[in-house]
Amino acid sequence: AQSVTQLGSHVSVSEGALVLLRCNYSSSVPPYLFWYVQYPNQGLQLLLKYTSAATLVKGINGFEAEFKKSETSFHLTKPSAHMSDAAEYFCAVTDSGTSGANSKLTFGKGITLSVRP
Amino acid sequence: KAGVTQTPRYLIKTRGQQVTLSCSPISGHRSVSWYQQTPGQGLQFLFEYFSETQRNKGNFPGRFSGRQFSNSRSEMNVSTLELGDSALYLCASRPRLAGVYEQYFGPGTRLTVT
């Protein structure tokens, strides 16, 4: 079984500051990992994905994440926060072992990012 | 390409009623999954359909059911609604099963059960 832990439910940063959102996973097989963002009253938008290629993954809106197998982590970072980054962020894992056939996403609880002017 | 669309966006139902939600995937996408999002339980997988067949199912009671049509559009149905069914129901699509793991989400249907 897979699981995702996102420590803390709320992160607040100043505009222009580094954004770091933490994600740790548990998986019995090599995982595929994702970060999604959800703005108020909207669905989930895919920010980036790790599917066993490069361990440093670049996504949209200046976000990137690094897969670290030894730490079972996939933390999301952005060098400089913008007011428009305020949203809820979800880390998700899926099982690569089935070649996608029974692939379902298991999500963390989500982290709300606030950006102070 | 147009994204995943869901109708209706908002619904208010009474306990004991049933409800049907609709999802149209991205054009060319043949797999549709459904997720329930609540403040307490977060995002939970309901089921996935591909080629009109349920391929995977989450841990929800039988009151939750779904189907997929030949044009890949999907519906989910919840019978005998309970207050705890109040949630945002999200639909997601992907082009195929093999080798594609990321899913693309619609805006959701907000269901309120009173």
Side-chain angles (χ1 to χ4, degrees), chain A residues 1-10 23 25 27 29-53 57 59-60 65 67 74 87-112, chain B residues 2-7 9-10 21 23-26 29-51 53-60 66 87-110 112:
Chain A
Q2 305 146 334
S3 66
V4 172
T5 302
Q6 294 184 251
L7 287 177
S9 60
H10 186 226
C23 172
Y25 69 90
S27 177
V29 297
Y32 287 170
L33 295 155
F34 309 87
W35 276 97
Y36 283 87
V37 61
Q38 186 176 34
Y39 298 99
N41 299 315
Q42 294 188 27
L44 302 175
Q45 181 182 8
L46 180 65
L47 274 177
L48 49 79
K49 62 181 180 182
Y50 166 77
T51 54
S52 77
V57 180
I60 62 171
F67 173 72
F74 190 57
E88 190 161 17
Y89 291 80
F90 293 91
C91 182
V93 64
T94 192
D95 181 0
S96 67
T98 59
S99 300
N102 292 317
S103 175
K104 65 172 186 178
L105 293 173
T106 299
F107 287 89
K109 292 292 188 183
I111 298 174
T112 300
Chain B
V4 177
T5 58
Q6 293 187 243
T7 57
R9 292 292 311 278
Y10 302 91
L21 313 181
C23 171
S24 292
I26 293 171
H29 284 199
R30 297 175 59 200
S31 160
V32 173
S33 295
W34 289 89
Y35 291 80
Q36 181 196 64
Q37 184 178 21
T38 60
Q41 298 299 316
L43 282 149
Q44 294 184 287
F45 172 75
L46 280 155
F47 28 67
E48 180 175 29
Y49 284 86
F50 180 82
S51 291
T53 302
Q54 188 180 90
R55 301 291 177 149
N56 201 359
K57 188 177 188 304
N59 188 26
F60 278 82
L88 181 67
Y89 289 89
L90 293 163
C91 168
S93 74
R94 53 182 173 140
R96 59 187 182 277
L97 294 183
V100 177
Y101 300 87
E102 65 270 26
Q103 299 188 21
Y104 297 90
F105 285 81
T109 294
R110 172 79 60 188
T112 302

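A note on names: the letters A, B, ... follow the listed sequences, proteins ahead of strands, and every chain is numbered from 1.
Atoms NZ and CD, on A:Lys104 and B:Gln44 in that order, are 9.5 Å from each other to the nearest 0.5 Å. Taking CD of B:Glu102 as the reference point, atom CG of A:Leu33 lies at 12.5 Å (rounded to 0.5 Å).
The backbone N or O of B:Phe105 lies less than 3.5 Å from no partner atom in the side chain of A:Tyr36, so there is not a single donor-acceptor pair.
Looking at B:Phe50, there are no atoms closer than 4.5 Å to chain A (heavy atoms on both sides), in backbone or side chain. Within the 4.5 angstrom heavy-atom criterion, only side-chain atoms of B:Leu90, from C-beta onward, approach chain A. For B:Gln37, the part lying near chain A is the side chain, with the backbone staying farther off; criterion is any non-hydrogen pair under 4.5 Å.
Pairing each heavy atom of B:Phe45 with each of A:Leu105, the nearest pair is CB-O, 4.4 Å. The two residues B:Leu88 and A:Gln42 have their closest heavy-atom pair at CD2-O, 4.4 Å.
Each of B:Gly42, B:Gly106, B:Pro107 has some count of heavy-atom pairs under 4.5 Å with chain A, and the biggest count is that of B:Pro107.
Contact annotation: the side chain of A:Gln38 never approaches that of B:Leu43 to less than 4.5 Å [non-hydrogen atoms, C-beta and beyond].
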